[in-house]
Amino acid sequence: MNHARISARVRRIKPSPSSAAADRATALKREGKNIVSLAVGEPDFDTPAHIRAAASRAMDNGETRYTMLPGSVELRQAIAAKLKRENDLVYAPNDIIVTNGCKSGIYSALEATLEAGDEVIVPAPFWVSYPDMVIACDGVPKVIACPENQGFKMSPAQLEAAITDKTRWLIINSPSNPTGASYTAAEYRKLADVLARHPQVLVMTDDIYEHIRFDGRTTPHLLNAAPELKDRVLAINGVSKTYAMTGWRIGWIAGPSDLIGALNTLLSQAAGNACSISQAAAVEALNGDQSFVSESVAIYRARRDRMLTRINQIQGLSCLPPDGAFYLYVNCAGLIGRKTPAGATLETDSDVAMYLLESVGVAVVQGSAYGLSPFFRMSIAASLDVLDDGTERIARAVSELR
Ligand SMILES: Cc1ncc(COP(=O)(O)O)c(C=O)c1O
């Protein structure tokens, strides 16, 4: 590669490991290999028909031009209504900006606020993109290891210890990708007590999995427990996971006017509005029939229960029950140090992921990608047949280790 042509900013980051694992699985399938891909992070359902119909109507009605930069008034009204109805949070449409997916929203928010050397607290296990986004925006990720015996959650003491004068953001993702761990209102209150002592720290809440929960509970928002933080919080969400709309690229950010204004300025130069047709579809997703949400969650729950039982029956593997999202974060400490039939020693969770792919054709993502080892993430967003096949293969691969 000709480094002189590529900025230091891009040279500092790496491609998303979960996309890389999914791409590797697709490439092997293309070569004719029989691969079970449990690497992806998207619903295996189609977008519900009434949402697709709204998009067709929008096209037929000529909604094919630029919308207002922060999103159509209809969509921002629908988001404001959703925030009130589902989260008990009050935002006006002008406090909201629609982005090309939650991913670009988070990146833009970092770009709009970070100065070189600013620190961003990222509890691990984390969604793979956070640290690299911070690095690309000249910031410094401060990763806090939140071990399994803490339920993969950050303690108030850990938060306190991680904050410095340079801390600009804390990123919270609940329920979490990859662990499914979710903070309770009481836990949020204790974290908020720490934040109260450090007014320079802003908080991004990535709420994208809020509805994919297995305990029948409503996901609390940090601002329900600590309304006084409202001026310091960006509440980030989108339609990708809840409504099986990953390809439509609609996310949003609600927050204080200076930050939303800065995002408006940045995106007016850098991106323009999100797709007009997708925005119309998102209005229908938020305002229309919600039965898809509970129906799909019931299916995820059945899969989670079955996979959890099966994985926990495999000697050397164990997994805590995730509260939500659609992944299992499997502890594979019991496989580390063991030998494959070919005589290689499994030294890391990357070795484990590679062994599963090469020996039995199961694609998972190594825990090192999420900042806490030794684990691997497997998606449960696949049919029960595929998941059964995947776990049987994993059991076989494990039984062949010495
Ligand atoms: C935690 C988390 N945040 C954000 C995203 C991105 O969502 P979007 O499709 O809205 O960009 C994902 C997708 O994998 C995710 O897992």
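If you're wondering where the values come from, they're calculated on a predicted model, not measured in any experiment. First listed ligand is number 1; within each ligand, the first listed atom is number 1.
Checking only distances, Y327 never comes within under 3.5 Å of ligand 1, N or O to N or O. Considering both main-chain and side-chain atoms, S104 never comes within under 3.5 Å of ligand 1 through any nitrogen or oxygen pair. Ligand 1 has no N or O atom lying under 3.5 Å from any N or O atom of N173, backbone or side chain.
Protein heavy atom closest to atom 2 (C) of ligand 1, with residue, atom name and distance, is D206 OD2, 3.4 Å.
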Inset, instruction - I would like to know whether I121 and I171 meet side-chain contact (heavy atoms from CB on, under 4.5 Å); could you show each step before the answer? - result: CA-CA 6 Å; I121 297 176; I171 303 183; over 6 Å; no
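For an aromatic pair to be called close, the ring centres must be under 6.0 Å apart, and Y130 with Y107 fails this. You'll find the ring centres of F326 and Y209 inside the 6.0 Å limit. Residues Y300 and F45 bring their aromatic ring centres within 6.0 Å.
Taking 4.0 Å as the cut-off, K241 counts as a neighbour of ligand 1 on heavy-atom distance. Ligand 1 has G101 within reach: a non-hydrogen atom of the residue lies less than 4.0 Å from it.
With a 4.0 Å heavy-atom cut-off, ligand 1 is reached by the side chain of R249 but not by its N, CA, C or O. Contacts of C102 with ligand 1, taken as heavy-atom pairs under 4.0 Å, involve both backbone and side chain.
More than 12 non-hydrogen atoms from other residues, nucleotides or ligands lie less than 6.0 angstrom from CD of E31. Sparse packing is recorded around CD of Q315, with 12 or fewer heavy atoms of other residues, nucleotides or ligands lying under 6.0 Å away.
Using modelled atom types, one finds a donor on one side chain and an acceptor on the other under 3.5 Å when comparing R213 with S182.
Of all atoms in ligand 1, listed by their number and element, those nearer than 4.0 Å to a heavy atom of I208 are 1 (C), 2 (C), 3 (N), 7 (O), 10 (O).
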